[in-house]
Amino acid sequence: MRESIIMKIHYGTALAAIALVAVHILMRLTQGFAESLEYDSVIANYKFLPYAGMLEIILILLSIHGFNGLRVILLELKQGQRYEKAVSYGCVAAMITLIAYGSRTIIMVNTGMT
Amino acid sequence: MAQTPTLAEESGSTPFSSSQSITLRIARYNPQHDSVKSFMEFQIPYEKWTTVLEAILEVKKHFDHSVAVRYSCRQATCGSCGMIINGKPRLACFTKISELNSNVITVEPMNNFPIIRDLAVKFDRLFDTHHKIKPYLIRNDTEITTNTKEFLQSPEELEQYIQFSNCIKCGLCNSACPTMATDSSFVGPQALAQAYRYVADSRDKGKDNRLKIIDDSHGIWRCHFAGSCSQVCPKGVDPAMGIQLLRGYMLGFRS
Ligand code: HEM
Ligand code: SF4
Ligand code: FES
């Protein structure tokens, strides 16, 4: 992929994350901190689909942004054809793994596997 | 009998009548047989107008001719004498001792350039990256054949790039750039500023070509807005601004 397209995604995910993380924080402020971390309260949040969907989107946005950021750092740290290829594919793999692992939690709650 | 002048009396040297003097510390390093950089110290008298380059040449003339230093124009035009002076990349011929406000002046070779010897560094990478961005007008016609007119430009069009055409390829910006320090493939602020200089020239038709060259995993996006390049540029080129203006084309804010 062209680097400019990747970086447009990088800046775009950052901007979108600002908006969604703000909503996420505001939602958390509707309850006390300890209360919001209680088992039933956490399960209820995941079962409220619009909110769970937003958390999923934040997960995707920040996984893409974070691992692309890591790719950038690693590309600047060391150079070499094989190393750079490993960094690029490694970061995409880590990105997908993290999204899959986070999504698994949301899906498990909503399919009654808790 | 007419006396032949001794080396010290040769014309061209600054007449040092001053009682003021500084300690000039010169980094000595020969990659062929030294493992670390060492420093030699010299007491050099100076006047209000004495430049760091003149002080180094004084050392070469009277104390140690083997100090390696590159210079030519002595007037901030050729871009040869870039070095680290008291910790900051500067042109030795464009830096007066009196402006440094210090009794000790330390000169070292530029960072991010391989050292040939002492203060002289290799410019291969700078010339390669400069060449890579095609630093010339790209178009099919020419103004030197008969039946063609000169390519006219309005003062406003000139204003778009003229500041960036002042670059003398001294490499101080590349020496100050933190990305250059770790990314051996980064194209660097000097070449990026020149990419902007040609892209913004109304006579040039090579914009798409040039933008594609710098849109690479070690291209323009590896600039992280440190801005050190613009702080050290002796010609007011402002490479950091050129880079952001170029990004404007790539992100669709300019056309
Ligand atoms: C929503 C708030 C955020 C904004 C506005 C934001 C913005 C940015 C921007 C503009 C860059 C590019 C910087 C550059 O090119 O120099 C960047 C890089 C980066 N971001 Fe974020 N980011 C945010 C959150 C995050 C989070 C939560 C993570 C971790 C998961 C992260 C990880 C990174 C990394 C690792 C880099 C690469 C470092 C760099 O290029 O300097 N960012 N971010
Ligand atoms: S942009 Fe300035 S600092 Fe960089 S090479 Fe050109 S004149 Fe030197
Ligand atoms: S000697 Fe030419 S720029 Fe300093």
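In what follows, every chain begins at residue 1, and chains take the letters A, B, ... in the order their sequences are listed. Every heavy atom of this structure was used, including side-chain atoms; hydrogens, water molecules and symmetry mates were not.
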Pi-cation contact, B/Phe151 with B/Arg203 (under 6.0 Å, within 45°):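 Verdict for B/Phe151: no cation-pi partner in B/Arg203.
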
Donor-acceptor under 3.5 Å (B/Asp215 side chain, A/Ser4 main chain): yes

Between B/His218, B/Met250, B/Arg247, the one whose heavy-atom pairs under 4.5 Å with chain A are most numerous: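 Top option by heavy-atom pairs under 4.5 Å: B/His218.
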
Region of B/Ser184 in contact with chain A, defined by heavy-atom distances below 4.5 Å: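 Both backbone and side chain.
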
Contact class of A/Leu75 relative to chain B, heavy atoms under 4.5 angstrom: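 Both parts, backbone and side chain.
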
Parallel, tilted or perpendicular, as decided by the 30° and 60° cut-offs, for the rings of A/His10 and A/His65: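 Taking A/His10 first and then A/His65, their aromatic rings lie parallel (interplane angle under 30°).
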
Test: B/Asp141 and B/Arg139 ion pair at under 4.0 Å: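 Yes, B/Asp141 and B/Arg139 are salt-bridged.
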
